[in-house]
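Worth knowing before you read on, the calculation uses all heavy atoms, side chains too, and leaves out hydrogens, waters and symmetry mates. In what follows, chains are A, B, ... by sequence order, proteins preceding strands, each numbered from 1.
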2 protein chains.
Amino acid sequence: MGVSLKDVAQRAGVSIKTVSNVVNNYPHVTPHMRAKVQQAIDELGYRPNLTARHLRKGRTGIIAFAVPELGNPYFAELAGAVIDAAARHDYTVLVDHTAGLRERELLVSQEFRSHVIDGLILSPIHLETEDLIGRQETSPLVLLGEREYEAPYDQIAIDNVAAARTAVRHLLDLGRERIAFLGSRTDRERRPAHLRLRGWREELAAAGREPDETLVVATDGYGRADGAAAMAALLDRGRRPDAVFAYNDLIAMGAMRTLTERGLTVPDDVAVVGFDDIEESRYGSVTLTTISPDKQAIARLAVDSLVERLSGHVMAEPRRARPGYRLVVRESTGPAEGRQAARVPAQGAGSAPAPEAGSAPVRETRSVPAPEAGPAPAT
Amino acid sequence: MGVSLKDVAQRAGVSIKTVSNVVNNYPHVTPHMRAKVQQAIDELGYRPNLTARHLRKGRTGIIAFAVPELGNPYFAELAGAVIDAAARHDYTVLVDHTAGLRERELLVSQEFRSHVIDGLILSPIHLETEDLIGRQETSPLVLLGEREYEAPYDQIAIDNVAAARTAVRHLLDLGRERIAFLGSRTDRERRPAHLRLRGWREELAAAGREPDETLVVATDGYGRADGAAAMAALLDRGRRPDAVFAYNDLIAMGAMRTLTERGLTVPDDVAVVGFDDIEESRYGSVTLTTISPDKQAIARLAVDSLVERLSGHVMAEPRRARPGYRLVVRESTGPAEGRQAARVPAQGAGSAPAPEAGSAPVRETRSVPAPEAGPAPAT
DNA sequence: GTGAAAGCGCTAACAG
DNA sequence: CTGTTAGCGCTTTCAC
């Protein structure tokens with residue numbers, strides 16, 4: 001089919017090696033030679049066959065990024081950041097989504113495009129530690145997301161418990177009494193409770209309140225519809241909270257929609273805090289207070305981890321990096337006027353003091369959570 | 001490094017070919033042989049090297065999907081649909097984003113992972129016809145998005161002019177007088193006006209109105225912030241419209257946010273129509289009326305086109321497919337109560353009568369635009 | 001049914 | 001500085 005090095009060599013009347021040298025920009029080639037070869041390349045429209053190169057070199061320069069759902073803006077935004085971070089190391093990213101199904105997560109972690117991806121960044125939901133332990137695939141794997149595993153792989157995640165506690169504390173500081181939690185999962189109960197739910201419990205307990213479990217609503221998924229349904233269920237039960245802490249922004253958005261439909265006002269009747277800081281939460285007629293994980297840092301740490309292992313620096317020690325996060329206070333918990341401009345986080349720049357992991361290898365990256373924006377002395 | 005066919009063959013005491021047969025599930029292998037080989041495979045933890053297979057077969061089973069910005073939910077949702085559609089044909093998708101930069105669009109279309117991707121689905125913004133004409137790469141390319149090119153490549157896009165006209169007609173039917181257009185581009189003016197802007201002009205003209213060009217606001221990009229800024233600019237100019245047709249949903253969202261901040265009510269003071277029907281537009285305290293392109297159909301048509309050409313069916317004739325769309329009327333142009341439930345489109349199922357392109361080859365796919373939901377007799 | 005050998009296009013050694 | 005050769009791991013004739 002295509003034109004190969006050999007064809008070019010023939011045409012230019014030189015050896016294959018010389019052409020290869022030109023293609024790879026080897027320093028020691030006479031300008032004359034280079035010109036001659038280049039001409040042949042242009043005439044023939046030669047393009048190097050990367051597949052062959054990959055086979056030869058044993059690596060492809062492709063890493064995979066697998067998330068539950070690309071339709072969730074958090075993962076879409078994260079995917080964008082990962083693609084950019086990878087590009088900085090000359091890696092290309094293969095994005096896949098698992099629909100949060102354990103089976104697909106397993107498949108991806110086990111045998112996904114074996115030997116064509118150099119490594120994998122995976123954000124699992126249903127995967128279990130034992131699935132990971134039994135992993136055959138030898139290419140490096142970096143885990144993202146809320147779940148923590150007792151498996152020998154790098155894990156990048158903000159301190160979910162602490163972040164959740166920060167959110168709940170904010171609501172408590174506002175004087176809220178009945179703080180609901182939306183978004184615990186209905187399925188697979190046996191597995192440890194969500195860290196965010198634990199944060200909710202811990203912070204309430206620390207404040208001397210008995211966590212009211214009737215204010216915890218499980219959802220089937222993590223989407224807006226789930227949030228809307230959960231909020232409706234809570235209200236239908238006659239348990240009207242005066243604040244809601246949602247598992248993520250989408251659930252919070254859905255909850256706010258239900259509140260609007262029921263004629264309740266945010267934040268006056270019900271204050272709402274989300275988690276993720278997707279861009280959408282900075283718009284809307286009531287902007288959303290939320291926990292903002294440093295997505296750039298997460299992407300960078302994940303890619304850097306992977307790239308470092310790919311570079312052959314064999315480090316037995318799997319590492320846990322804790323990127324920064326902060327609480328961004330917006331209208332959904334703000335003063336009742338609901339007219340102030342959204343406080344837009346200075347994304348990327350003066351953001352959290354996440355460990356700088358640019359070129360230097362990432363080491364002990366347990367960064368202190370960023371100072372929260374506005375600890376808000378009780379209203 | 002890895003364990004190869006040869007290793008397995010040695011271990012099992014058979015030839016390479018036999019192992020290959022087992023791995024590829026060839027029919028004519030004795031059960032005994034198969035078992036023996038399988039055992040060796042398991043013992044050695046053999047995983048086929050797909051890179052080698054790719055080199056040998058000349059194809060990889062990977063296609064690329066390049067969009068301007070993964071942070072735009074429209075593209076993220078589309079990417080998800082493309083991934084799923086590709087999976088149905090056993091293709092994996094490599095997602096990239098171009099930031100809408102012509103340079104990167106060019107790069108992607110020209111030499112992106114040459115020979116490792118079998119084909120490319122590209123949604124360009126700044127690419128010009130001549131860029132496409134001069135394309136060296138021989139792998140198939142399918143174009144998505146608003147722009148139309150005089151180049152020999154398949155193009156999948158809804159009828160943007162007609163869709164825009166539908167949106168504007170809806171606003172006219174509502175009795176709106178001053179309909180603004182938000183989101184024409186400031187740069188590269190020489191290139192033909194956006195089709196959606198043309199639709200706005202045409203429909204106004206058809207209604208006997210002189211399109212008021214002072215109601216057209218250019219934006220730098222296609223995000224929420226651009227919409228917010230454009231709306232603010234328009235209001236600051238003292239040109240208060242009673243309706244807004246935005247280039248896309250994000251711009252519409254930003255515009256609505258500005259309207260809220262300025263104390264104006266949607267839809268009472270200003271009705272708003274978007275374009276894309278991202279999920280977000282179905283939530284929010286005022287749900288958004290929007291043009292809903294059939295994303296599933298777009299993804300399916302694009303992937304099917306690509307796969308068909310990849311299958312060697314050489315069809316000289318490039319094709320233009322026109323997936324369906326519909327107008328989904330929601331609160332942002334609805335009756336002023338603003339309390340009715342959002343009319344959620346039956347995504348996927350009873351949606352537009354888009355050409356069924358499941359397994360059968362896609363042929364003449366100029367589908368009639370789906371019947372719009374609620375032509376809304378003038379208020 | 002199974003085995004032996006050639007070669008996909010490239011890079012890495014090693015000569016010259 | 002340039003040419004020759006071997007081989008990455010696999011599939012694919014073609015014999016047996």
DNA chain C contacts among residues 46-62 of chain B, heavy-atom distance under 4.0 Å
B:L55, B:R56
Give me the residues of residues 7-16 of chain A where at least one heavy atom lies under 4.0 Å from an atom of DNA chain D, by number, or none.
A:V14, A:S15
Check whether any side-chain N or O of A:S20 sits under 4.0 Å from OP1 or OP2 of C:dC10, and answer yes or no.
no
Find the distance A:L5:CG to C:dC8:P and express it as a whole number of Å.
12 Å
Could you tell me the separation between the NZ atom of A:K17 and the C1' atom of C:dC10, rounded to a whole number of Å?
11 Å
B:Y74 and B:K295 have their tightest heavy-atom pair at CD1-CE, 3.6 Å
How many Å lie between CG on A:N24 and P on C:dG9, as a whole number?
17 Å
How many Å lie between CG on A:N21 and P on D:dT2, as a whole number?
8 Å
For B:R322 and B:A157, indicate whether the former's side chain and the latter's backbone hold a donor-acceptor pair under 3.5 Å.
yes
Residues from residues 29-45 of chain B lying under 4.0 Å of DNA chain C - heavy atoms:
B:V29, B:T30, B:M33
What's the verdict on salt bridge (Lys or Arg N to Asp or Glu O under 4.0 Å) for A:R309 and A:E317, showing C-alpha distance, side-chain angles and the deciding distance?
CA-CA 11 Å; A:R309 289 195 187 270; A:E317 207 61 4; over 6 Å; no
Among side-chain atoms of A:H126 and A:D131, is any donor-acceptor pair under 3.5 angstrom?
no
Verify whether one side chain among B:N21 and B:H28 offers a donor that lies under 3.5 Å from an acceptor in the other.
no
Minimum heavy-atom separation for A:L70 to A:A79, with atom names?
CD1-CB, 4.3 Å
Whole Å only: how far is the NE2 atom of A:H115 from the C1' atom of D:dT11?
16 Å
If the threshold is 4.0 Å, N to carboxylate O, is there a salt bridge linking B:E69 and B:R104?
no
Sequence-distant partners of A:E137, salt bridge (charged side-chain N to carboxylate O under 4.0 Å, His left out), two or more places apart
B:R47
Which residues pass the salt bridge (charged side-chain N to carboxylate O under 4.0 Å, His left out) test with A:R11, sequence neighbours left out?
A:E43
Would you call A:R135 and A:E130 a salt bridge, taking side-chain N to carboxylate O under 4.0 Å as the test?
no
Difference in axis direction between the ends of the helix from C:dG1-D:dC16 to C:dG16-D:dC1, five pairs, 10°
40°
